[in-house]
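Here the structure comes first, spelled out in structure tokens, and everything after it is commentary.
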Amino acid sequence: MSDTGTNLPVLPALMVEDAVRAALLEDWGRAGDITAQATLSPEIGARAVIAARQPGRLSGIDLAATAFRLSDPAIAVEILARDGDRLEPGDVVMRVSGPARGMLSAERVALNYLGHLSGVATATAAFADLVAHTKARIVCTRKTTPGLRAFEKYAVRCGGGANHRFGLDDAILIKDNHIAVAGGVRAAIEASRCFAGHLVRVEVEVDTLDQLREALDAKPDVIMLDNMQPDRLREAVAIAGGKVVLEASGGVNLKTVAAIAETGVDLISVGWITHSAPVLDLGLDIEIG
């Protein structure tokens with residue numbers, strides 16, 4: 001297990017606790033964990049470890065720990081790894097001990113958060129590693145699981161990526177449908193400049209080099225180059241001449257991302273890292289003896 005030294009944001013404890021409590025209530029239903037109640041007396045204690053079963057990047061450790069603590073305050077949690085750490089099979093990330101009922105009742109919620117968020121972090125890291133030799137940064141999108149956006153975007157940071165806007169209210173992103181209705185690239189940008197406060201950035205999506213030139217004249221903060229091949233992206237970078245931040249989007253996967261980054265763009269947005277990242281396999285094992 002290795003520490004990436006990633007400078008991560010802090011997930012507020014209140015946000016974590018509210019989300020985990022809701023997840024536990026969803027899982028426990030109307031009567032609680034009837035399997036644990038049927039098979040285990042309240043006095044039985046247990047010790048367990050959570051360990052990685054495949055290589056990856058860790059994320060969600062605080063949510064997992066909170067699941068055990070909310071399930072039964074008598075459960076002791078020892079966190080042995082930090083979000084952002086690289087994992088190898090067998091690496092232990094947490095030890096838990098205490099009442100077995102509470103431990104097993106929280107197991108699935110804890111592992112769901114850990115597996116999903118570590119999967120997002122791992123997918124992000126795979127992309128970030130492939131562009132590390134360039135100036136480009138991998139960024140996420142709003143293609144997130146409803147209710148989990150803040151955590152998934154946090155997981156992107158754990159994997160070495162960066163965050164795009166969190167919602168519709170923190171930046172203006174003019175896409176093709178806005179342009180069609182507004183009457184063109186320049187018209188949409190100028191209208192946005194009149195509307196936006198001085199701290200709100202304006203980004204516009206363009207599909208062609210002609211639209212790029214039109215956008216440059218209107219001076220947005222960021223231009224998204226949508227579904228352009230690497231040769232076209234290089235032309236776009238040359239035309240922009242460093243006057244604006246350029247973001248590449250569309251057609252990005254692990255086979256294409258390095259070539260896209262090598263064109264000189266500043267950002268590469270990848271929806272896949274949040275909407276389709278596979279779960280990272282971590283498991284809870286009871287220690288016997």
Side-chain angles (χ1 to χ4, degrees), residues 1-13 15-17 19-20 22-24 26-27 48-71 77-96 103 106-130 132 137-141 143-164 253-254 257 270-285:
M1 181 160 45
S2 62
D3 181 8
T4 64
T6 307
N7 183 22
L8 297 175
V10 175
L11 286 174
M15 178 191 299
V16 170
E17 185 169 314
V20 173
L24 287 170
E26 175 186 58
D27 205 27
V49 297
I50 295 180
R53 293 175 176 170
Q54 63 184 124
R57 192 74 71 93
L58 182 65
S59 184
I61 197 74
D62 285 346
L63 287 98
T66 300
F68 292 112
R69 289 166 177 155
L70 288 178
S71 180
V77 177
E78 182 184 6
I79 295 174
L80 302 174
R82 296 190 295 175
D83 285 344
D85 283 356
R86 293 182 185 270
L87 301 177
E88 295 297 333
D91 284 344
V92 175
V93 302
M94 181 183 296
R95 293 184 184 276
V96 289
M103 187 184 302
E107 174 184 2
R108 179 42 49 200
V109 167
L111 292 178
N112 281 352
Y113 277 122
L114 267 183
H116 175 57
L117 297 180
S118 296
V120 171
T122 300
T124 304
F127 279 91
D129 288 346
L130 289 171
R137 300 193 70 189
I138 301 297
V139 299
C140 53
T141 71
K143 296 176 182 177
T144 56
T145 307
L148 293 181
R149 180 171 294 174
F151 300 135
E152 289 175 347
K153 283 183 171 285
Y154 169 79
V156 167
R157 295 282 300 273
C158 293
N163 294 150
H164 212 287
N253 56 53
L254 291 171
V257 69
V270 190
W272 185 87
I273 57 178
T274 51
H275 70 61
S276 295
V279 168
L280 187 72
D281 189 8
L282 296 103
L284 181 145
D285 295 307

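Each residue takes its place number in the sequence, starting with 1. This one's a predicted model, so the numbers in the text were calculated from it and none came from an experiment.
Between R86 and D91 the shortest heavy-atom distance is O-OD2, 4.2 Å. The heavy-atom pair separating G60 from Y154 by the smallest distance is N-CE2, 4.5 Å. Scanning all heavy atoms of the two residues, the minimum distance from L130 to L254 falls at CD1-O, 3.5 Å. Pairing each heavy atom of A23 with each of Y113, the nearest pair is CB-OH, 3.7 Å. Heavy-atom minimum distance, A162 versus V156: O-CG1, 3.6 Å. The minimum heavy-atom distance between A64 and M94, with the atom names listed, is CB-CE, 4.0 Å.
Considering CG of N112 and CD of E107, their distance stands at 10.0 Å, rounded to 0.5 Å. Rounding to the nearest 0.5 angstrom, the gap separating the OG1 atom in T124 from the CD1 atom in I138 is 8.5 Å. We find the CD1-OG1 distance between I61 and T66 to be 10.0 Å, quoted to the nearest 0.5 Å. Rounding to the nearest 0.5 angstrom, the gap separating the CZ atom in F151 from the CG atom in L11 is 6.0 Å. A distance of 10.0 Å separates CG of L63 from CE of M15, quoted to the nearest 0.5 Å. In this structure, I50 CD1 and L282 CG are separated by 7.5 Å, a value rounded to the nearest 0.5 Å.
Counting only heavy atoms from C-beta outward, the side chains of T141 and H164 never approach each other to under 4.5 Å. Inter-residue side-chain proximity for C158 and L8 is flagged as met; some heavy-atom pair is nearer than 4.5 Å. Side-chain contact between V93 and L80: absent, with no pair of heavy atoms (C-beta onward) separated by less than 4.5 Å. In this structure, L87 and L280 have side chains that are in contact, with non-hydrogen atoms separated by less than 4.5 Å. With a 4.5 Å cut-off on side-chain heavy atoms, R53 and P89 do not count as touching.
A distance-only check finds no donor-acceptor pair linking the side chain of D281 to the backbone of Q54 [under 3.5 Å].
R149 CZ: more than 12 foreign heavy atoms inside a 6.0 Å radius.
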For residues 114-123, which side-chain donor-acceptor pairs fall under 3.5 Å, sequence neighbours excluded?
{"from": "H116", "atom 1": "NE2", "to": "E152", "atom 2": "OE2", "distance (Å)": "2.6"}
{"from": "S118", "atom 1": "OG", "to": "S59", "atom 2": "N", "distance (Å)": "3.0"}
{"from": "S118", "atom 1": "OG", "to": "S59", "atom 2": "O", "distance (Å)": "3.1"}
{"from": "S118", "atom 1": "OG", "to": "L114", "atom 2": "O", "distance (Å)": "2.7"}
{"from": "T122", "atom 1": "OG1", "to": "R57", "atom 2": "N", "distance (Å)": "2.8"}
{"from": "T122", "atom 1": "OG1", "to": "R57", "atom 2": "O", "distance (Å)": "3.4"}
{"from": "T122", "atom 1": "OG1", "to": "S118", "atom 2": "O", "distance (Å)": "2.6"}

